[in-house]
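Just so you know, residue 1 is the first one in the sequence shown, and it goes up from there. Just follow the structure's listing: the first ligand is 1, and inside any ligand the first atom is 1.
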Amino acid sequence: MSDTIFSRIIDGEFGTEFIYEDDICVAFRDINPKEKTHLLIVPKKPIPSIMEADESDEFLLGHLLFVCKKIGEMLKLPGYQLKINVGEHGGQEIFHLHIHLLSKF
Ligand code: 5GP
């Protein structure tokens, strides 16, 4: 399994503010936001990318999407985009699975 900057953020090494946290995942602001709101929803389990997820991760993957919905409601966002970069050839830079939540609001 990968050990990336996201594992260190999840471990609290940098005191990053979590917009959301539960047993399975955290959400925090992207350091280089591409929109007014740009959050990263990251599972605590360090799966490198969707390509490495297996059947046992099915619940986790669904949970991440449901957390995006909850965050959208929490922040009262009228709309947003969800984006997952998958693999080196899919534009992924940090090899710890994450969903980008992007909104102009
Ligand atoms: P990827 O290209 O892997 O889908 O996206 C990685 C994202 O992580 C990028 O948008 C980048 O700005 C963000 N990022 C990289 N390092 C850090 C960091 O140390 N803290 C935070 N909050 N975001 C980071």
_Would the distance check show the side chain of Asp11 and the main-chain N or O of Glu13 forming a donor-acceptor pair, the cut-off being under 3.5 Å?_
no

*Do the side chain of Thr37 and the main chain of Phe105 share a donor and acceptor less than 3.5 angstrom apart?*
yes

*With heavy atoms of Asn85 as the reference, note each atom of ligand 1 found under 4.0 Å away.*
1 (P), 2 (O), 4 (O)

_Just to be sure I read this right, does ligand 1 sit under 4.0 Å from the backbone of Phe28, its side chain, both, or neither, counting only heavy atoms?_
side chain

*Number the atoms of ligand 1 from 1 as they appear, then name those within less than 4.0 Å of a heavy atom of Phe6, with their elements.*
8 (O)

*asked:* Please report whether the ring centroid of Phe14 lies less than 6.0 Å from that of Phe28.
replied: no

*asked:* Assess whether a salt bridge exists between Arg8 and Asp3, defined as any Lys/Arg side-chain N lying under 4.0 Å from an Asp/Glu carboxylate O.
replied: no

_Minimum-distance protein heavy atom relative to atom 22 (N) of ligand 1_ = Arg29 O, 2.8 Å

*Donor-acceptor pair, Glu21 side chain versus Ile10 backbone, under 3.5 Å?*
no

*asked:* Just to be sure I'm reading this right: ignoring hydrogens, which of Ile99, Ile94, Leu97 gets closest to atom 15 (C) of ligand 1? Compare them by their nearest heavy atoms.
replied: Ile94

*Any N or O of Gln92 that comes nearer than 3.5 Å to an N or O of ligand 1?*
no

_Check for me whether Phe14 has a heavy atom closer than 4.0 Å to any atom of ligand 1._
no

*Side chain, backbone, both or neither: which part of Ile31 comes within less than 4.0 Å of ligand 1 when only heavy atoms are counted?*
both

_Distance filter under 4.0 Å to Gly91 heavy atoms, resulting ligand 1 atoms_ = 2 (O)

*Identify which of Asp30, Val86, Ile5 has a heavy atom lying nearest to atom 7 (C) of ligand 1.*
Asp30

*So is Ile9 polar-close to ligand 1, meaning N/O to N/O under 3.5 Å?*
no

*Mark up the atoms of ligand 1 that fall under 4.0 Å of a heavy atom belonging to Asn32, in ascending order.*
12 (O)

*asked:* Any atom of ligand 1 sitting under 4.0 Å from a heavy atom of His98?
replied: yes

*asked:* Show me which atoms of ligand 1 lie under 4.0 Å from any heavy atom of His100.
replied: 1 (P), 4 (O), 5 (O), 7 (C), 10 (O)

*Carefully, step by step, assess His98 and Leu64 under the rule side-chain contact (heavy atoms from CB on, under 4.5 Å).*
CA-CA 9 Å; His98 52 281; Leu64 295 180; over 6 Å; no

_Donor-acceptor pair, side chain of Lys70 and main chain of Leu65, under 3.5 angstrom_ = no

*Measure the acute angle between the ring planes of His100 and His38, then classify it against the limits of 30° and 60° as parallel, tilted or perpendicular.*
tilted

*Inspect the surroundings of CD in Gln81 and state if more than 12 heavy atoms from other residues, nucleotides or ligands are less than 6.0 Å away.*
no

*Is ligand 1 under 4.0 Å from a heavy atom in the side chain of Ile84, in the backbone, in both, or in neither?*
neither

*Measure Thr16 to ligand 1 on non-hydrogen atoms and call it side chain, backbone, both or neither using the 4.0 Å cut-off.*
neither

*asked:* Taking the basic N atoms (NZ, or NE/NH1/NH2) and the acidic carboxylate oxygens, is any pair closer than 4.0 Å for Lys83 and Glu35?
replied: no

